[in-house]
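Presented below is the structure to which this report refers.
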Protein chains: 2
Amino acid sequence: MTNLEPIDRAILRVLSEDGRCSFTDLAEKVGLSVSAVHQRVRRLEQRGVLRGYAARLDHEQVGLPLTAFISLTPIDPSAPDDYPQRLAALPEVQSCYSVAGDESYILLVRVAKATALEDLLRRIREVANVSTRTTVVLSTPYEDRPPAV
Amino acid sequence: MTNLEPIDRAILRVLSEDGRCSFTDLAEKVGLSVSAVHQRVRRLEQRGVLRGYAARLDHEQVGLPLTAFISLTPIDPSAPDDYPQRLAALPEVQSCYSVAGDESYILLVRVAKATALEDLLRRIREVANVSTRTTVVLSTPYEDRPPAV
DNA sequence: TCTGAAATAGAGACATC
DNA sequence: GATGTCTCTATTTCAGA
């Protein structure tokens, strides 16, 4: 963890909740001049603490209402471990975690409907030579809450 | 899924990757005038398709390098199902999914170190009367990729 | 690192097609 | 719905403390 001053933390907190917040507003909220805030944000971006900004979409309205976790177990344990790279070719795979435990990877995927999930599973096995275990998400009470920076 | 025109999809695609993109740039990228894009973005926000904007943080540098999935099984099956609400009080819980399968919920949590995870597990059991199963994330090849809208 | 000022660029509103 | 123009505000750079 890089040292983060309280003001930097405040900036990150604001931008986590409102990524399009103007420098003017941001300056007011953290109690600094606009140019000082501007400099700090640029520095946080350069250091890579701030990795970018993203729109939060409503997955339902965007046509991807079905979310699932897919756990992967390699079929050939001696195969080279390039699974993440192979799976990146599938746009439905939103996140890929390498995990400790019985299985090697956990994927978070989003698709339009059950048959699309079935099809995705087939393509995952095809592209990565893995066995899969799928946990379907029924509802999402909350997701990606801003961290307590 | 609400009907989404190709241009709206293009707008969402751009803003998913660069949430702070200016209307001027956005207009150029989707091939429309600035004011037309402006109107469309406002409409997408009003419809709730665009739910907001968030900074992408580097969890390591922000002091939360340890990620884990925690699956929950209620101990008392007849207890009222207010788990998400109870767990929302814990800031380490970033996402909460209600899932089909052996377990009822999957949480994604972020903490500073192993002892903080241990402490969090204790608080989760305390606040929610559940048994837990934890899967520690070793590395994150990628996360929150923009969807193929 | 901060501030404040000056120049450039973008946001937002409006009338028109 | 889209466009172009207009006004106002925000962004960005810079000199100086």
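By convention in this document, chain letters (A, B, ...) are assigned in the order of the sequence lines, proteins followed by strands, and residues within each chain are numbered from 1.
Within residues 12-22 of chain A, the residues approached by DNA chain D to less than 4.0 Å at the level of any non-hydrogen atom are A/Ser22, in residue-number order.
When heavy atoms are screened at a 4.0 angstrom cut-off, A/Val34 is found touching base atoms of the nucleic acid.
Between the CD1 atom of A/Ile7 and the P atom of C/dT1 there is a distance of 11 Å, rounded to whole Å. As a whole-Å value, the separation of B/Asp25 CG from D/dA10 C1' is 15 Å. Here D/dA10 presents its C1' atom at 15 Å from NZ of A/Lys29, a figure rounded to the nearest Å. Here the P atom of nucleotide C/dA9 and the CZ atom of A/Phe23 are 16 Å apart, to the nearest Å. One interatomic measurement links the two molecules: CD1 of A/Ile11 to C1' of C/dC2, which rounds to 13 Å at whole-angstrom precision. A/Arg40 has its CZ atom 18 Å from the P atom of D/dT13, to the nearest Å. In this structure, A/Glu28 places its CD atom 14 Å from P of D/dT9, rounding to the nearest Å. Rounded to a whole Å, the CZ atom of B/Arg43 is 9 Å from the C1' atom of D/dG1.
Counting distance only, with no hydrogens placed and no angle test, the side-chain atoms of A/Ser35 and the base atoms of C/dG4 include a donor-acceptor pair under 3.5 Å.
Contact annotation: A/His38 does not reach the phosphate of D/dT11 (side-chain N/O to OP1 or OP2, under 4.0 Å). Taking only side-chain nitrogens and oxygens, A/Arg42 comes nearer than 4.0 Å to OP1 or OP2 of D/dT12. The side chain of A/Thr24 places an N or O atom within less than 4.0 Å of a non-bridging phosphate oxygen (OP1 or OP2) of D/dT11.
Taking 4.5 Å as the limit, some side-chain heavy atom of B/Leu57 sits within range of a side-chain heavy atom of A/Leu50. Using a 4.5 Å cut-off on side-chain heavy atoms (C-beta onward), B/Ser95 and A/Thr140 make no contact.
In this pair, A/Phe69 and B/Tyr97 present their aromatic rings perpendicular. The plane angle is above 60°, beyond the 30 to 60° band.
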Decide yes or no on side chain to side chain contact (heavy atoms under 4.5 Å, CB included) for B/Leu87 and B/Leu72, but give the supporting numbers first. CA-CA 11 Å; B/Leu87 296 161; B/Leu72 306 184; 3.5 Å; yes
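A/Ile106 pairs with exactly one of A/Ile70, A/Val99, A/Thr135 by the side chain to side chain contact (heavy atoms under 4.5 Å, CB included) rule, that one being A/Val99. Shown are A/Glu92, A/Gln94, A/Arg86; of these, the side chain to side chain contact (heavy atoms under 4.5 Å, CB included) with A/Leu90 is made only by A/Glu92.
Salt bridge annotation for B/Arg42-B/Glu45: present, with a cationic side-chain nitrogen under 4.0 angstrom from a carboxylate oxygen. With salt bridges taken as basic N to acidic carboxylate O contacts below 4.0 Å, one links A/Glu143 and A/Arg110.
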Anything under 3.5 Å between a protein N or O and an N or O of nucleotides 6-8 of chain D, put it in a table, one pair a line.
none

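Judged by the 6.0 Å and 45° rule, B/Arg20 forms a cation-pi pair with A/Phe23.
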